[in-house]
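This report refers to the structure that appears directly beneath it.
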Amino acid sequence: MARPGPSRRRWGCGEEGSYRKIFISSDVCDKITDGVLMLFSRLLIPTLKENPAEAEAVSHRLLLRAGMIRKLASGIYNYLPLGLRVLRKVERIVREEMDRAGAQEVLLPAVQPAELWQESSRWQVYGKELLRFKDRHGRDCCFGPTHEEVITDLVRKEVHSYRQLPLNLYQIQVKFRDEIRPRFGLIRGREFIMKDAYSFDADEAGAEACYRRMYDAYNRIFSRCGLSFKVVEADSGPIGGSFSHEFMVLADTGEDLLASCTSCDYAANLEKAEVAPAPGSPGPPVGDAPELAPTPNVRTVGEVAAFLKVTPADIVKTLIYETDEGPVAVLIRGDHDVNEVKVKNLLGVTDLILAGLIRVQELTGAEVGFAGPVKLKLPIYADQAVARMTAMVTGANRDNYHLKQVNPGRDVKITAVADLRSVTEQDPCPRCGGVLTILRGIEVGHIFKLGLKYSKALKATYLDQEGKEQYLYMGCYGIGVSRIVAAAIEQGHDANGIIFPMALAPFQVGLIPIALNDPAVRECVESLHADLEAAGVEVLLDDRDERPGVKFKDCDLLGLPFRVVVGAKALDKGQAEVKERGSNETKFIPLKELWDYLGKLIQEGARGNIIS
RNA sequence: CGGGACGUGGCUCAGCCUGGUAGAGCACAGCGUUCGGGACGCUGGGGUCGGAGGUUCAAAUCCUCUCGUCCCGACCA
């Protein structure tokens with residue numbers, strides 16, 4: 001019989017004849033050792049009927065139920081054979097696209113010496129997330145949460161000339177971040193698998209070109225993974241310059257909020273999303289001076305609004321923050337939310353913490369709930385919406401009193417006005433004035449320009465054409481490889497289990513024989529299995545001595561895109577039943593056409609796997 | 001780190017309030033019957049009730065401490 005397509009021996013199989021007689025147990029072990037057959041009964045796939053108590057998020061639950069992962073400790077997981085297969089699929093796509101974009105794969109150590117981190121001064125800065133320990137000689141070490149230091153060290157030692165540039169190195173590595181709160185299984189583990197790439201360029205223009213190449217590569221990667229995602233502008237922190245994008249998989253369980261315009265292509269992480277300044281200019285001050293109003297035990301915006309019969313938009317919250325440069329006050333309109341990332345960036349500080357009850361009393365002279373900007377002896381930063389208000393209501397810095405008719409320019413000494421709040425769906429798009437929606441997403445990729453931060457700290461330089469020493473321009477590009485596995489499940493599932501995109505499914509076809517003891521069924525399944533494997537289709541043959549219902553349930557749970565059932569009835573007509581996991585469509589296909597039928601569908605579904 | 005919940009065979013949980021025999025379902029092993037959507041019968045193995053201390057004649061149950069896990073908020077792929 002002619003084999004369709006190239007005979008791919010993906011699992012290093014032996015003779016074609018060895019596909020046969022798969023149910024003869026004495027042979028089976030040999031074949032398994034050879035890696036020829038993927039028999040359900042031989043693989044470690046400990047599926048669970050019930051939801052594990054420890055799992056809440058869909059992907060976490062289903063990964064456990066499908067026997068893909070098991071927890072070893074908080075935020076630390078074993079990958080079982082099926083889970084690993086999915087992970088490998090992601091890795092393969094990532095490798096292919098990184099290579100295609102001109103990056104080179106390396107493998108850097110997981111354990112790193114403290115010296116490098118001290119050199120970049122992140123040993124002090126990184127905090128408790130960095131897992132530190134000592135080796136037997138008492139030398140400080142850490143388990144790498146990221147590899148800027150290591151890669152920069154490598155490159156400063158090996159790269160000295162502009163002739164060696166540009167350079168883009170990546171790795172797929174286990175990382176460890178001692179997260180405050182690991183959660184949602186693979187979405188936020190402490191140990192996780194990440195692809196991280198670092199680019200080195202002679203100048204800024206080169207760095208930006210590289211950034212764009214990575215941007216394109218990332219789009220290809222996530223498309224190929226079959227994910228529905230959105231690229232958003234991201235906060236790059238104090239060092240990042242103007243370029244930073246995050247790749248978000250849209251999912252209700254996402255931990256990130258993003259604002260997206262329904263008319264243009266503006267999209268940004270909520271931390272970053274700009275608020276368009278309102279048009280027009282503020283009206284003249286109202287009244288002659290602020291007016292004291294008793295507000296006994298009335299503290300929150302809601303309470304004050306109700307008590308004084310005004311709207312939250314008439315009120316201004318005065319938030320007292322502690323920073324590494326001392327305390328500050330931030331003014332936000334009552335119906336708005338402060339955006340601490342924006343505040344941090346404006347102030348150029350790394351620590352920003354709401355002051356405690358006692359500190360607030362020290363600094364304002366009143367309990368929390370009565371702080372106000374009038375005569376407050378702190379630097380005062382006002383959101384642009386506040387600066388436009390007239391006759392606002394604020395705390396009086398006196399217990400049980402508020403002030404009415406406060407006018408920013410007249411009564412409050414404002415240090416600076418800026419965009420300090422988060423956008424809402426009521427705000428217009430800052431680019432086109434269109435309508436914004438707020439969505440949830442899982443961050444699966446982040447690219448940003450590092451500039452000279454690390455090359456300066458670690459003195460990574462090269463000689464340019466004039467023989468002048470120059471710092472290397474760096475970029476950094478991460479992908480949460482293990483997180484993608486979870487994200488794909490968050491996006492693809494139903495009540496029966498996982499619905500994997502073709503490109504990530506551990507197998508493309510689940511082959512289920514009904515009534516194994518029927519020789520005709522057995523014969524048919526054997527040859528189908530052989531034909532499909534030979535056609536390059538990955539098949540999981542459920543050879544277990546289980547009732548059909550059990551096999552159907554497991555097949556659905558595992559999320560294999562196609563289920564092929566061979567039963568006596570259809571077989572009499574020379575047919576097999578093919579069910580598509582995603583659509584639940586069932587068709588009876590003549591056996592002879594099966595590989596052709598499936599092959600086409602799989603190719604279509606896995607456009608991702610084909611490099612165009 | 002703050003707030004909440006929970007730790008009882010491999011899994012899901014009951015028992016705890018009101019102290020006295022450790023239970024169910026699933027899973028597992030054997031036998032038999034079944035066999036197109038998580039079958040059934042019989043038999044069997046498996047738990048120092050997270051750990052330590054205390055109260056008590058007696059602790060899964062009450063008290064204290066401790067460890068671990070999960071959920072909600074501040075970090076990040």
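Below, read A as the first sequence line, B as the second, and so on, with proteins coming before strands; counting in each chain starts at 1.
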- Of the nucleotides C75(B), G36(B), U34(B), which one has an atom closest to the side chain of R547(A)? U34(B)

- Closest of C35(B), C70(B), U12(B) to the P548(A) side chain is C35(B)

- In whole Å, what separates the C1' atom of G53(B) from that of C17(B)? 24 Å

- Note on the structure: Winner on side-chain proximity to F184(A), out of C71(B), A39(B), A77(B), is C71(B)

- Item | For atom CD of E443(A) and atom P of C75(B), their distance in whole Å | 13 Å

- Item | Note: R190(A)-D178(A) ion pair, threshold 4.0 Å (strictly below) | yes

- Query: Can you check whether T146(A) has a side-chain N or O nearer than 4.0 Å to OP1 or OP2 of A77(B)?
  - Reply: no

- Message: With a 4.0 Å cut-off on N to O distance, would you call R100(A) and E96(A) a salt bridge?
- Response: no

- Message: Give me the distance, rounded to whole Å, that separates A59(B) from U21(B) when you measure between the P atoms they each carry.
- Response: 10 Å

- Query: Taking atom C1' of C70(B) as reference, at what distance in whole Å does atom CG of N51(A) sit?
  - Reply: 14 Å

- Message: Please report the distance separating the P of U66(B) from the corresponding atom of A22(B), rounded so that it comes out in whole Å.
- Response: 31 Å

- Task: Indicate, yes or no, whether a donor-acceptor pair under 3.5 Å links the base of C76(B) to the side chain of R190(A).
- Result: no

- Task: Specify the separation, in whole Å, of atom CZ of R483(A) and atom C1' of A77(B).
- Result: 5 Å

- Message: From CD1 of I512(A) over to P of G36(B), roughly how many Å is that when rounded to an integer?
- Response: 13 Å

- Message: Can you measure K579(A) atom NZ to G36(B) atom P for me and round it to whole angstrom units?
- Response: 16 Å

- Rounded to whole angstrom, note down the P distance from C6(B) over to U12(B). 16 Å

- Quick one: do R183(A) and E56(A) make a salt bridge, cutoff under 4.0 Å? no

- From the candidates C70(B), G36(B), A77(B), the one with an atom nearest any side-chain atom of F448(A) is A77(B)

- C1'-based separation of A14(B) from C67(B) [nearest Å]: 25 Å

- Task: Answer yes if the side chains of H147(A) and K175(A) hold a donor-acceptor pair under 3.5 Å, and no otherwise.
- Result: yes

Pairwise N/O distances under 3.5 Å, protein to nucleotides 25-31 of chain B:
residue, atom, partner, partner atom, Å
G25(B), N2, E50(A), OE1, 3.1
C26(B), O3', K49(A), NZ, 3.2
A27(B), OP1, K49(A), NZ, 3.3

- Query: Using 4.0 Å as the upper bound for N to carboxylate O, is an ion pair formed by E148(A) and K453(A)?
  - Reply: no

- Task: Inspect the contact between K342(A) and D235(A) and indicate whether a charged nitrogen and a carboxylate oxygen are less than 4.0 angstrom apart.
- Result: no

- If you measure from the P atom in U56(B) to the same atom in G3(B), how many Å do you get, rounded? 33 Å

- Query: Atom OH of Y198(A) and atom C1' of A77(B): how far apart are they, to the nearest Å?
  - Reply: 11 Å

- Task: Report the distance from atom CD of Q171(A) to atom P of A77(B), rounded to the nearest whole Å.
- Result: 15 Å

- Query: Pick one: which of K587(A), R563(A), K569(A) meets side chain to side chain donor-acceptor pair (under 3.5 Å) with E577(A)?
  - Reply: R563(A)

- Message: Nearest whole Å is fine: how far is C70(B) P from I187(A) CD1?
- Response: 14 Å

- Task: Determine the interatomic distance between P on G10(B) and the same-named atom on G47(B); round to the nearest Å.
- Result: 8 Å

- Message: Can a donor-acceptor pair be found, under 3.5 Å and without considering hydrogens, that links the side chain of Y77(A) to the backbone of E191(A)?
- Response: no

- Item | Whole-Å P distance, U18(B) and U64(B) | 15 Å

- Task: For the residue pair D196(A) and Q171(A), confirm or rule out a side-chain donor-acceptor distance under 3.5 Å.
- Result: yes

Are any protein N/O atoms closer than 3.5 Å to N/O atoms in nucleotides 1-10 of chain B? If there are, list each pair with its distance.
none

